[in-house]
Structure formats: C-alpha cells, structure tokens
Amino acid sequence: MIPQLDVAAVAPMIPVALGVLCLPLLEVALLRTPVLLGQRVSAARRGTYLATASVLFLSVSLLLTLNAFSQPPRVFNPENPMVRMDGVALFLMSIVLIGAMLSVLASSKYLEHIHSNWGEFYTLVLSSVTGMMFLVAASDLIMLFLALELMSIPVYALAGFRRASLRSNESAVKYFLIGSFASGILLYGSSLLYGATGSLELDEIATSFDPENALDLVGAGLVLIGLAFKISSVPFHQWAPDTYEGAPTTISAFMATAVKVAAFGALLRVVSVAFAPVSESVYGVLWVLAALSMTVGNVMALIQRNLKRMLAYSSISHAGYLLIGVIAGGADGTQAVLVYLLAYTFMTVGAFTVISVLTRDGEEHDRVDDFAGLSQTRPGLAAVMSICMFSLLGMPGTAGFIGKFLVFSAAVQSGLATGSSSLIWLVVIAVLNSAISLGYYLRVPATMYFHPPRENPQPAGNATFFEGLVLASCAAAVLLLGLLPQDALPGVSSLLQMADVNVLQLASDAAASFAP
Amino acid sequence: MTEHENAALRWIPLLPLIAAALSGVWLVFARRELPRAAVIALACGAPIASFAISVVQVVKLSTQLPEEARYYVDNLYTWISAGDFHAELAFLLDPLSAVMVLVVTGVGSLIHVYAVGYMDDDPREDRGFQRFFAYLNLFTFSMLMLILGDNLLVMFVGWEGVGVCSYLLIGFWYLDGANAAAGMKAFVVNRIGDFGFLLGIFLLFWSFAQAGVPTVEFREMAANIGLLANNTVELPAWLSFLLGYPNAPLLTLACLCLFVGACGKSAQIPLYVWLPDAMAGPTPVSALIHAATMVTAGVYMVCRMSFAYSLAPGAQAAVAWTGALTAFFAATIGLAQTDIKKVLAYSTVSQLGYMFLAAGVAAYSSAIFHVMTHAFFKALLFLGAGSVILGMHHEQDITKMGGLRRRMPVTWLTFLIGVIAIAGVPPFSGFFSKDEILLAANQAHAIPGHHTLWLIGMATAFLTAFYMFRLYFLVFTGASRASHHTQEHIHESGNWVLVPLVVLALFSVIGGFFGLPDAYGELFGVERSNSLHHFLQPVVNSAEHEIDHATEFGLAAVTTTVGLAGIALATLLYYWREDLVPGIVSAIGPLHALVRDKYRIDELYDLLIVRPLGAVSRGLLARGIDQGLIDGVGVNGTANLVRATADGALKYLQTGLAQSYLLAMVIGGALLVAWLVRGV
Amino acid sequence: MGDISGYHFQIVAALIFSIGALGVLLRRNMIVMFMSIELMLNAANLSLVAFSREIGNDQGQILAFLVMVVAAVEVAVGLAIIISLVRNRDTVNIEDTSALKW
Amino acid sequence: MRTALFWIFSLAAVASALGVVGNLRSPINSALSLVVSMLALAGLYVLLEAQFVGLIQVMVYAGAIVVLFLFVIMLLNLRGSGASGAESQPIVKALGALVVVAATLWLARTLSSGRAPWPDVEQGFGTTRAIGEALYTDYVLSVQVAGVLLLAGIVAAVVLAKKKID
Amino acid sequence: MGELFDTLLSERLLSVITFLPLATVLALALCEGMFRLPESVWKYTALASSLVGLALTLVLWQRFDSASSGMQLVEFAAWIPAYGIHYSLGIDGIALLLVALTSFLLPVVLLASWTDIHERVRSYLFFMLALQTGMLGAFLSLNLFLFYVFWELMLIPMYFIIGIWGGPRRIYAALKFFIYTMVGSLLMLVGIIVLAWLHQTQFGAPSFEYYGTNGGTGILDLSIPNAGGAWWQRQGFLFGVFALAFAIKVPMFPFHTWLPDAHVEAPTPGSAVLAGVLLKLGTFGFVRYALPLFPEAALDWAPWIVGLAVTGVVYGALVAWVQSDLKKLVAYSSVSHMGFIVLGLFALDSQGVSGAVLQMVNHGVSTGALFILVGMIYERRHVRDLAAFGGLAKVMPVFATFFAIATLSSIGLPGLNGFVGEFLILLGAFSSLPWATVIATSGVILSAVYMLWAMRAVFFGPLANPANQVLVDLGLRERVVAVALVIPMFWIGVHPSTFTNPLDRAVTELLETMSRRGADLASWQNGGKRVVGLVASTGTETTR
C-alpha cells in the first residue's frame, strides 16, 4: 500500500538537500577546470563560486518557504505526517535560511583568512540547514531526532573546520562529545515517552500523556534536557562559550543563530504540542531554566574579554529571554519567540561578521580590546557593531527591542489571562538581567568609539562585497525591524503577491496556525 | 482711571534702572568706558530725576488727596499668577513710602554726587568707575522697588535686589579676597533673613487664602487683617512641648517670620554680623547702603506691615526687645573699635536697634522719623569719614589719625555736626527722633518690661554719645599720629565731596523739625508740629499715648543729660586726659579685648555652624553618603558584586573540562526530572 | 516468554545507559568516552525495541534503525574530529583540551 | 529458553558495557568489550522479535562502527588509557557518579512497576520486510534525511581527517 | 512642493519640529557618503537647522491656543496597530514650554561649542541633533510606546557625546549614565506593557495610546485598582516603576550619583543639554504620566517622594558647597534644584505644579548657561578646579558679569527667572507640606552659599596665578551665546506670564484628571494647612 505522499509539502527542503548533493560535484568540477577549461580557478574564486551557489540553493529554498506561507499547512504523509509545514515551521525555516545565507556569505573570505578554504564547508552548512528545516517541521520524535542529528553532526565538523587550530579542535571535541551525550539523553527520553504513550508522534504523545505517570514525566524531562542543551540553556550551556570561542567565527554565528533557532523551533513544538497536558510542570521547569540562563549568561558575559565568548554568554542569556516567550505560550508567546529569533539572528550574525571581517592571516582579532578605536580605523564596521550591540541590549528602535517587547508583552498578557504572577516575576528578572547586560554590551561601542586606536591597529582594507552585503543587510534589518516592524516585509510580500504582510503579521499568523 | 492711579510712579524706580542697564550693556559690549562725563550724567542724573519726580508726586499726594485715602497706585501688569495666587507688578505711593522715597532719592542723589568725587582716583583697568555707578544705580532701583512695591512680592524683589547690589558693592574691590568674603557674608546672612521673610509670605498668603482673600497686596491685607486676628497655628508636638503651648497665634508667627527677614536686612541680633564686615566696600556704598537706606528696609517693612504687627503683641515684643538689645550690644562694641568705618558701622547697628525698638513699641512714625534723621546724620558721618579716608590716603585706623581739624576744616565741621546729631543733643535732628523713641518705649505698657527697654535705650544713648565723641576726638583733635609721609599729603577733599557733606549737615541740623513733637510745637505755638507723625498716621497706625507735657519734657531732659554725660566722659578721656585711657584699658584688659574682638561672635558662628556644616558636608555627605554609601556600596557595589559573582564563583564552574560540563548537565538534569516527577 | 517481560529489558537498557553515562562522565580518554556514548545510544535502542515489542508497533524499531545510521555517521565524524585534534596535539585525554574556559 | 537467553545476553551486554567503561588499560580492550556488548544486544533484539534491527545491529555496529574505532585507535597508535596524571575533581566526579547511579536505581524501580504483559504481535513483526516496507512508505522521508546525513557525514569525516587537502 | 510645505507646517508641524534635526544630520551623513563635505558645511547646516527649529517653535507657540483644553496639533499615524502602538504626537502647555526650551537651547549650545569641539566634529553634530530629536519626541509623544522609544533613544547620543568628547573618566561616566538610566526605564517598560494589556482586559484591545486622542480609549481611561488584585496590576507597583525611572532621570536623591560623573566628564555642550533638557524628562514624566495615571498611589507615595526631594534639596546644596570642581559644583546644584521641582509637583496644587514646570525651564536655562559658561573658561584654561582660579573678574569682566547673572538666576534672585519658579513651588508646597517647605526653603540660603562661594573662588580674590593673568575675555560669538542665554532669564523673571499663561490650562487639567481618577487632592492640599492649623483655625473651632 503506497500512501499518498505530498512531496510538494517538503518542497522548501529540496533545493537545500539538492545543494548538499550538488556542491561536492561543483567543487570537483571547479577543481578540474584546468582539464575542462584549460584554466585554473584559484582557491579564492572557488570559494566565492561555491558560496554563491550555496546562497542560490538557500534562496530558492527561501522563496519556496515564503511561498508556502500563503498555503494551508501541509503534511508530507497524511497517515504518518513526519513533518508538518505549518506557519511556525515555515517562519523558522525562513530564519534558518536567512541565518545560513548570511553566515555563508560572510564565510567565503573569512575561510581564506583562516587558511581553511575548503569547499566542504558549504556542503556541511547546507546539510545542517537541511536538518534544521526538517527539525523545525518535525512532527514526530523520529524525524525530530534524525533532523537534530543531521543539523548537529555537520556543525560538529564545522566547529572543528579550522583543522590547524587547536582551539577549533578543542571546540569541536567538546561540542561533539557533549552534544552526542545530550542526543543520547534525548533519544532515551524519546524512548521512554514512546514506551509510556505508545507513540512517537507528538500529537499522539499529547493524547495519551499521563501526567500522573513517572515514566511519561521522566521521558519528557529527558527530551527537555536534550533540547535545552541545543538552545544552550543553563545548566546545559557550558559547551557553548568554549565552542563559540574556538569555532571559526562565521560558524559561531551559524551556531548561535541558525542552530539555536531550529532548536527553539523543536522545543516550541515539543513543549506546546506533546507536553501540553503537563504544561504547568514543564513551564515550571522552563521558568527555572529561563531565570538561570538569563542570570548566568549575563553575569558571566560581564567578565569576558573575548568578544566571541562574550557573545556566547549573551546567546545563553537570550535563550533565557526566549524561554519567557515559550512559557508565555499561546499565539502571542509563539509570535514573540518567532520575531525575537528573527531579530536575534540579524544582530548576532552582524556582530560575529564584524569579528570575522577583522580576521587576517589566521589571526582572529576577537578580543574586546582589539576593537579599540575601530570607529576611526573602520567606521563602517564600528557602526554595524554598535547597531548590533544596541540591538542585543534591547535598545528601542532596533530589532532586539521589538523582540524583547513582544516577549514581555506575551508574558504580561499571559499573566493577566491566568492571573498568575510568576511570569511577571520572570519578566522582572529579565529586566534586571537586561540591566546587567548593559555592562558588557556597552563596553564594545565604548571600546570602539572612546578608546584611541591601538598601536598595531586592526587590519585595514575593505570588507568584500559579500561581507559588506552581510553587514549592511544585518544593520538594515535590525533597524528596519526595530523601527517599522509593521512594514518590515513589504517588498517580499509584494514579490509573493501576498497582501498586507509584515513580519509581525506573519509571525502572528504562524503562531495561530500552530497546533493547539 | 481713578484718582489713585498714577503712571508717573513707575519712573521713579525705572530711571535708575535704565541708567544702570545702559551702563551695564555698554560695559558688556563696548571695548572702552563711556566718557566720564556721560557716566556721571547718567549716574547722577537718574536718581536726581527720580528725586524730582518723587517730590512732585509726594506734593501731589499730600495736596490733592484727602488724608484718609492718600495713596497712588501704578499697576503695570500681573507679574506672577498661578491658581488663586496673583502678584501684580504695581507701585504704591502713600505717606509711608513717600517719606522713604524722598529720603532714598534725596540722600541717594547726594551720595551719588559724592561718589563722583570719591571714586575719581580709583585706578582700575576693568572700567571700575562706570561699573561702580551702574551698581549704584541698580541699587537705587532696587531700593525704590522695595519701598514702592504694592505687595509683598514686589517688595521682595527690591529686598533681594538691594542684597545683591550690596554684595556687588561690598566686594567692589574684589582683588582683595577679604572684600569678596565680606560681600558673600552679607549676602548669605541676608538670605537667612529672606528665608524667614519667604515663610512669612507663605503663611500670610495661605491664611488669607483660607479666609477667602488670597492676596499679598498691602492695602488688601490691611483691610482684611481682622479676619486673621484670632487664627492660631497648631504647632507640631515637639515644638509645642518646647514652647509650652499647643498653638501659636498666626499673626505672631507670621510677623516673627517676617521679622527674621528684617533682622537679616537691618543687621539685628543675631544676624548683624555682616554689617561691620560690609565696610569693606567703598565709603559711598557704606553711606548709602549700609547706613542711610538699605539697612533701614527692615524697619520700613515692619512699619509697612504695622497692621499685622499691631495685632501680634508677641511679635511686637520680640521686635522691641531685639531692637533694644541690639542697640545696646552694638554700642558696646563700638566703644573699642579703632577703624573709623567700623565704629560707624556698629553705631549704625545700634541706631537700627533704636528704630526697631520704636517699631516694636508701635511707635512706627517715630521709627520712620529716626530712619530719616539717621539717614541724614549717618550718611553725613560716613561721607565725612570717607573724606577723611581720602585725605589720609586710605588710612582707616583712628589710632593713626588725629588733629585733622585744621587740615580738613569743612570735613571737620560737618562731621562734628553729625556727631552732635547722633549723640542726641538738642535741637539737632537725632535728639528729636531718639527722644520720641525713648518716650514711646517708656510708655509702651503693652510690651513686657518696657521700663527695662527704656533703661537700655538710655544706656545706649550714653554709650553712643561717648563713642561718637571718642571717634571725633581721636580723628580731629590732638596731635596727628599719622606717619610723616601721610601727614604731608593730608588735604581737604574736592567739591564733589564737600557739597553733599554740607547739604547733609544742614539736614542733620534741621531734620528734626519735620517731626517736632507736638509738645514742643506748642511751645512755639505751632499746631500739629509733628507733621511727619500726622502724615504717616493713616498708614502706620502708631500707638498714641496720652502723657502730660511735663513728663514728656522731663524724660527729654533725662535723655539730654545722659547724652551730655557721655560727651563729657569722652571729652575727659580723649581730649583732656588722654593719658588715662591706657590705664583704664589695661584695668579691664580681658573685657576690653573681648569687646574689641566684637565678643568673638563671628568666631562663635564659625565654630558652631559653618565649620560643623562644612565638616558634615564634606566628610559625611560627600564622602560618606555620596561616594561611600550610594556610589560605593549601592551603585558600584552592586556592579562589583555581580562581577565578583562571576569572577569569584561562577567562573570556576566553567572549568574548560568537558566532563565537568557533563556533570553539571547530569546534576541539573536529575534535578529537572526530579522536579517534574515530584508529585508522582 | 514466561517470567521475562518488558521491564526486564528496560532495566537492562537503563543499566547500560547509565554505565555509558558513567563512562562519559568518568573516563578521560576521549575514545572511550565516545564508546560510552555509543553504549548510551545502544541502550536507548534496546529500550526502543523493547517498547516496540511491548506496544506492538514498529515505530520503535524504525527509530532504532535510524539511530544506527546516525550512530555510524556520528562515529565517523567524531573520530575524524578526534583525529584532527590528535594531529595537532598528541593526546586523547579530554582534560588536555581545556584551554577554552571561563 | 528465552528466559535463559535473555539472562545470558543481558548479563553479557551489561558486563561487557562495564568492560568498556571500566577497562583502564587500553582502549583496544574497551573496543573489544564494545563488540561483545553490541552482539549481546543483537541477541536481545532477536528475542524482542526485531530480527531486522538485530541483523543491522551486528552489521553496522559490530561490523562497522567498532571496527572504525579500532582502526582509529591503531591509526593514532594510542597506548594506555590516555589518562595522564591524577584524576581531576575526584569528589565532583564521584558525586556525579552517585547521581547517575541513584537515578538509575530510581528509574529501574519506576520501570518495573505495573507493566502489562506483552501483547501478541502480528506475523512478520520486525522482519526485514515489515520494517523495509514501513521505511520506504510511511517513513521514506526519514530515509531520505538519513541519506543526506550519511553524505554529510562522509564529507565531514573526509574534510576533517584527510591528511592534506588539495 | 509648496503644497507639501503648507501641509507639513499646518498639519505636521510637531513632526517637522521633532524630526528636522535628525533629518538634517541624516541628509548630511548621506551627502558625506557621496562627496566629502567640509566640516564647516556640517557646522553651518546644523546651526541653521537648529535655528529653523527655533523659528518653527515660535510658529508653534503662536499657533498654540492657551485657552483650549487637551492636546493640540495632534498627529496620528498607525504604527503597529495590532498592539495599539501608533505614532501620535500632541502638545499641551507643559510640553510646549519644554519643547521651546529644547529648541532654544540647541542652537545656543551649538554656537557655544563652535570651537570647543574640534575632533570628529561631524559625529558630534550628528549626535547632538539626533539627541534633539529624541528629546523633542519624548516631550511630544502621546503613545506610551513611542514615548519609551524616544526616551531610550536619547541615551545613545548622550552616551557617545560623553564617551567620545568627555574628560578623563568619560568611559566610566558614560557607562554609568547609560546603565543607571536604563535600569530605571526597563522596569518602566514592564509597567507600560502591563498597562497596555490592562487596556485589553478593560476595553477589548491592547493600546499604548495615552489619551485615546484618535477617537478611542486610552491608557488614561483605565481604571487601575489601588488595592486588591495581583500586586503588579495595582497602582502602587505601577507608580513605583514609573516613578523609579523618572526619579533616576531627575535625578532625585539617592539616585543622583550618575549625574555628577556624567556632568563632570561630559563636554560642555553635553553637560548643558543634559542639565538643560534631559533632566527635565524625569520631572516631565511625573507630570505627564506618573501623577495622572496613578493618582492614588501617587498620594500614597508622595510623603516619601517629598521626603527624598527635600533631602535632595538640602543634600545637593551641602555637597555642592564642598566641591572643588566647578562643574561638579554645578552638577550637585542641579540635584538640589531638581529637588525643588519634584517638591513643587507633589504639592499637587496649581501654584506648586505651575512653579515646578516653570522651574524646569528656568533650571534648563540657568544651569545650561552655567555649564556653557564653565565650558568657556574650561576651553581657555583646561582646568575646572576652583583653586586654580581667582581674580578672573579683572581679566574677564564680561565673562564675570554673565556668570554672575547666571549665578543669581540659579539662586533665585527676584527679577530673574529662578525666583518665579522657586517661589511658586514653595508657595504651593507650603499649603500641603509646610514642614517640608520650611526645610526646602533653607535651600534658598544654601544655594547662595555654594554659588557665591564658587563666584568668589573664581572671580574674586587676588589674580595670583600667572596662567589666569593672560586670559582673554569673551569674544563676539561667546557674547552672543551669553546674551542669548541671559535674555530668557530676564524675560521669565520680569514677565513670567508669557510662559505661565499656556501652562495654566494644562496644570488645571492635570489636577482635574487626578481628582477624576480618584485622588483626594483636596485633603492632600489641606493636609499641610491642617498641620499648621490653617484650616480649622478661624475663630472658635480651633480649641481642641
């Protein structure tokens, strides 16, 4: 019996997956150009071509994803859905794709500078993106696990992509060991859930979930641990600073954004679909995780000297803020998480890209002190960095603020609806944490603008076109989302013949399409 | 347009203001001084013109309006208004302000003229001559605002304005730090008084507002003062415990508050300390501000508010006693001073005490009378002293003078007239005014201890006569104690200086006859000879006392005798038997030193208030609370604590060892799961 | 099947899982740690298959199968990562890779 | 018979798992223990009517994965346990071990309570055919994803482990 | 084109005034990107833009109708309608005064810093004008979200101004300024969001609109319980978070310690704008939001706030007195003066509130002037230590004159601006808070002490230091600046009704709103009279 498969439902994933197949071929073709064209393509050019190709694949995917918004949610297989292409999934896929595109664009030159300009990079990124796209749409634990691994394994390798660098090795080893351990826990949790509820499908788990049964709860707990690891929530976060610091910068950006976005997608889905019957307990757990993540992340970030490491801690704290949105739940909470993730992606990629642009000859200028006087030597970079920092700290007028605002707003609304004060406390904690976060975010513009340039200044020269594109689009997106969230997508919506669509609307619709 | 409206009034204060503004703007924008003649014309012209207008208006006032409704009002616009509070920018010319205006513009004009001569040789690069006159004109303006103000607010404008001008003029020779310090001291002490004044305004306004007449206008307040006659203010527990009664009469409290202001402005105990220091200013300033006009503002204010004071016996007693004690106290200090201007300064404080004594015993017209005569003779004395100082090349120490009579004859004569006038020798002006005050004190049965007040007044009269003649003898008679060099250059002053001296001397002689008591008038067959008293009476409502002429003359005789006794003693000690003085001084050594050092009150204030406050501000507030507690513990402390949490503790969890991370995961995960299954 | 039922298998799985976890936690040789992780995955697989038998649907087995695929890939990549580390620094002691901290 | 097999396989599995973890001398020994464990598990799978999974377990795990481990161990020429110097943080590690053990005991207790007896399974359950059919119909998407994963794995392993690229 | 102009000026005047500065610098930056502009183009364009802004403000003033109630010249545009977030601007008398103050100070400050700032002039101008937009927007916005955006956006330019062009400890000061201010306002954000969602529970849709000027309801129509319900929905909490944000901005004791650092380290124009306008946002926040929204809680909290305000008056003055750094002295004087303003606000009667609002303007002008003047001397000598000066009146008489006027204005000399505000504040406060007023009035004495102390140390005494002997007096540009600053001092002092007339209506409405929303203002206003026995004292009733 052959089920009715709706291949078109997974259309957005196909170009990327195709990319995974094609890129190695393309690379081989490029390597063999002396034979084919009689002319050798330089490594740098090859990188550029491959990056361009990757972006092409990604953008076709993005277009397909955006196109799918206007259609009702589809599933791959009505009998056994595996993936559910609802609004949330599509929205998160778009973010992932955007994050990946930006990271890829930022990488081509950077890889050269860290002497690791191998075409496999793009294959790995694309395969990871494939995993992410499946992850955010996964509607059963099988696909969830599989997609999670497809997302993670290439990233383990990418973290260690700079083979000659011990820091990169270490970063990969730690990420890999701890990540596999967490996958094991997640898998075991899935198994227990399966045993307890008789199914691996999220809907069915929810249906037969017995909140009084320890096995169900243990399973749920173990799955939560596995996902909490991926979103780097305290106390499952400790890999993140080490990994982000050691990994190639653009990969750190990729990890901090796309990986986290996808993991949040999975968490959101699991929590609000599968664990709906125990939402109160689960929210209790997430409450603690959120509070811890915000506090530990921010406090630790305060003492960091290395910018990448600081951003890692910052990403931990942002995971905390995002968890508030998850806890707030409902359409508003989901919408808040979606918009926050979008905003977070732009500002974080922007910040990491600035660091990557400054890399020369294998030397990363990633300590905060390295940025001294950057405003005079590289004013453009300094400006983008400042915009990203102000956005990260939640300054009104930037995307970060809109995200935070929506999250708080969802929390307050949920608090008003349920009459409980616990979410408000969480918001208060978040607010105090934002205050702490000022201490380190502001140091970056302070260093760039208030300190004189150092004696051996940052490498001069211009950013490449790709890098410039990334920086400009990050800065523009951060500002546009911050100032005109309502009008942030007019161009795209007209492109797709969608009436009256904007980011907030999109996220809100997406959230509404979410299974109750 | 009623008959009471009179748009000419505004020009009285405005003319000096315009002069000052012109000078000032020129100073700011022009590279050099105006031509000296222009400065003089502007500076002297304005007060003289004001004086002329004043004379015309006062004559109109007293001739065209009936006695019981004698006032002109010039209302410019509503100055401050909020809610039910309105203060007009309005001027009031009634008999009380008329007298003051004439004194201020008249004496003021003379002093302006004098100052032309006095400041002539002041060598300054920063265009001091013009600046000086700008300040002086500004002062005249402020003083006229104070006097002509139709309500407490406009009065307060002048009140503070004169304070500022005084500040600027005391510190006019600012390159000497001491002068600047004296100016600052004057201003700050005045501000302490203003603090009380403001509270008085608030109290009065809200009381009137509560009674349904929200006003700060004098006439309206006077008309409605009855509404407040019985009001009391409930005191907080601690205060009523200290005072022994639960509530205080409202008017007493309000009047006391206002009187605090008067104490500051008119240098009464305990706020008199600034006036002697204020002698650091140029002598015309001392004459104008610190003798003739500004310092009498407090007296004027009390008289202006007499409608309230008359209903506040407690306040009256306080005014009278403060005045009497100040008079005596300052006179004792005056005995031992050696700086010619300091002697005059203390005598001013003392004479102001007399005025308050008068105001306190409700003899308001006598107070104003004394204000007037005092303006004449004290201005004369100061100007004379200035002339001496000019002649002695800025030597002010009377122990280094002597024998100036022949070298400076005009100065000598006019100065002598001033001394006689202040000593209370009939028929010089001082005699009449002082006599009236003492008489009033003697008869003020409503004031507790009024006989003691009278006795203190008499004692002060004796002391005054003594120290003024001591001053006179030390300066003008005997042998010169100046250095040779100085002696050779001693010279009589020029006409700019001498003409005002002569005019003022004239008024010092005859000034008393403006307020010749009716009893004396009858001797000469003049009805209502105390024209000043009768002129003022509708406004100030002085207490009338019915005493027979015999008693009145008897008391006058006693006063005169006491004054003459003082003169005699001074003559004995400083003219005939100067050799006795050192013996007496050494006999009462410590006491003399104490008096010479002004009872060390300044040092006491410094020790009790200024230093502790400074120490507290610096040590406790600035260092302790601001830097230590708030910034150190609160702000940076919190920040450091957060940082230390990371640096000292949290950081060590991030060991870099993968297995410790795993461990944290395991433990955290175990807790997480345990929490989830807690209920099962 | 007599006295043997699902929970026996589950307990075996739990035991192997925790042995694996202990191995990851306690052993300092990365390769051994990695093997321990494989043990954990296997334990989970056992659990899945046992539940699959117990419940009577094949989802567990499907997942178990896919886990093996994942495990294979994981091993390949993981060992490659370790190899590239060892190339730079001749050690497989996890505690030697602790330059990144704080 | 089944009971006996169960006990044999499970004891072997647990014991060899302990062998993997507890062998401090050489990773090679650990790897060999791992093989034993995998094989024992395969046996258990068969007992659970999961012939296909059992088969794959032998092929993939025992046949491929552990061999890969051994290759790498040989390749790197590792001697000893790789542990040098004293155990760091022994107390903390002990604590962690304690937590794991306690959690396991608790979990075991939870697992052993109130389970229904096994249902009969339909014919063909767990056979290659059954699983294969499921995989290529209902779960075909996961197979595709697994394919991508394998490709990515190859690429990743190559790029990281190759001695010299280009 | 002409039509567009007319529309802008007639219907979008507030937006034009608000965004003109930002638009100017953005345009400049754009041109700069295309062809490098000389610095002088930047300077003159910026100055011209700020002067145009001033002129437009005069147009605004003229168009403003003092007699009509409510918000005027309202502008509305949807922004994020789903959340009730709109771009809505409007003006009342209170805002008018503060907008005028801002528009006035900016050109003056720019002119004052013409030569003072000579590094990175373009960035400096960029930040200054961006700051102006932020400040104006905060004064004009009628949507709490919009307000919050402007409120926070101001921090960035100020942060850079302090940090780039500041003194030796500028980085510390800039960080402290930023963090201090944002800590307070973040909590306020929580409060704002709670309000918006309360609006949903009460009226069916979330809204950040304050007055509901666009026909609907607004936050101000909410009924917010003062007791009962969850703690975070009560007036007490909500007032608390608003008040904290505003108190830090004001700054009230004990939240003031960012101010001395920021002032001392900031460059002259930064200090002037900071003291002149930024601080006013704190008190403005009280007037516009905290008081009318949460009147009952405001009354509950009032004794504490008044206590802090009065403490601030005395404390600021005493600490100012012992400072040896001239700028620090002026900075602490701000603490003292702002205490007066808060006292006046919490008098909650028309005198007190009018006085307070007027005093905001006064303080802006006077303290702004003082900072600018201090800057002039700093530009010459590069020291601010009082001990380094002395006798400057001799070499710089004109400067001394202006400084003296500013000083006198600052210490509240009648006839100058400071007095009118201070008097009304104290008068108003006396009826409700007599004892607090008595203590605060002592600030009148103390302000004379410290300001004259500074005058004396700088201008009087021997001109001993050779470095001071060669100082040159103010040049023409500086004189123009000084005169511009002095004019409003005299104007407000002599004819305050120009400024209080537009105010009256707004103040009355504020008090009416508070009463309507449940505050027992009469009993508060009489509270003090009762304490001093003014209420029940006529005749016989007193005996108890």
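Values below: every heavy atom of this structure, side chains too, minus hydrogens, waters and symmetry copies. None of these values were measured; they are calculated from a predicted model. Lettering follows sequence order; numbering is per chain, from 1.
Taking D:V155, D:L135, D:L107, D:L105 one by one and counting their heavy-atom pairs under 4.5 Å with chain C, the maximum is reached by D:L135. Of all the listed residues (C:D58, C:L79, C:V69), the one sharing the greatest number of non-hydrogen pairs under 4.5 Å with chain D is C:L79. Taking chain C as the reference chain and counting heavy-atom pairs below 4.5 Å, the highest number among D:L18, D:V21, D:L68, D:L34 is found for D:V21. Comparing D:A103, D:A156, D:A50 by how many heavy-atom pairs each has under 4.5 Å with chain C, the most go to D:A50. Counting heavy-atom pairs closer than 4.5 Å to chain C, the top-ranked of the candidates D:A64, D:S37, D:G126 is D:G126. Comparing C:A72, C:G78, C:G60 by how many heavy-atom pairs each has under 4.5 Å with chain D, the most go to C:A72. The most heavy-atom pairs under 4.5 Å with chain D, out of C:L39, C:I11, C:V77, C:I82, come from C:L39. Per-residue heavy-atom pair counts under 4.5 Å with chain C were compared for D:I56, D:L11, D:V60, D:V143, and the maximum is reached by D:I56.
Atom CG of D:L76 and atom CD1 of C:I31 lie 5.5 Å apart (nearest 0.5 Å). Atoms CD and CD, from D:Q51 and C:Q61 in turn, are 8.0 Å apart once rounded to the nearest 0.5 Å. Here C:L48 contributes atom CG and D:L48 contributes atom CG; the two are 11.5 Å apart, rounded to the nearest 0.5 Å. Going from atom CG of C:L15 over to atom OG of D:S10 covers 9.5 Å, rounded to the nearest 0.5 Å. How far NE2 of C:H8 is from CG of D:L44: 12.5 Å, rounded to the nearest 0.5 Å.
Considering every non-hydrogen atom in both C:L26 and D:K93, the closest pair reads O-NZ, 3.6 Å. Closest heavy-atom contact between C:F9 and D:L47: CZ-CB, 4.2 Å. Residues D:V100 and C:A21 come closest through the heavy atom pair CG1-CB, 4.3 Å. Annotation for C:A64 and D:V53: closest pair CB-CG1, 4.2 Å, computed over non-hydrogen atoms. D:A17 and C:I16 make their closest contact through CB-CG2, 4.3 Å (heavy atoms, listed as atom of the first residue, atom of the second, distance). Here the closest heavy-atom approach between residue C:A14 and residue D:T104 is recorded as O-CG2, 3.8 Å.
Using modelled atom types and a 3.5 Å distance limit, the side chains of D:Q57 and C:N42 yield a donor-acceptor pair. Side chains of D:Y61 and C:E38: a donor on one and an acceptor on the other come within 3.5 Å.
Contacts of C:N57 with chain D are made by backbone atoms alone, with heavy-atom separations under 4.5 Å and no side-chain atom involved. Residue C:L66 touches chain D through its side chain alone, counting heavy-atom pairs closer than 4.5 Å. C:V24 does not touch chain D: none of its heavy atoms, backbone or side chain, sits under 4.5 Å away. For C:F34, the parts lying under 4.5 angstrom from a heavy atom of chain D are both the backbone and the side chain.
Note on ring orientation: taking the six-membered ring where Trp is involved, the planes of C:F65 and D:F52 are tilted (angle from 30° to 60°).
Between D:L160 and C:I83 the shortest side-chain heavy-atom distance does not fall below 4.5 Å. Annotation: side chain of D:F9 is not in contact with side chain of C:V12 (no heavy-atom distance under 4.5 Å).
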| message | The test is side chain to side chain contact (heavy atoms under 4.5 Å, CB included); show your working for C:L22 and D:V101 and say whether it passes. | response | CA-CA 8 Å; C:L22 284 175; D:V101 170; 4.2 Å; yes
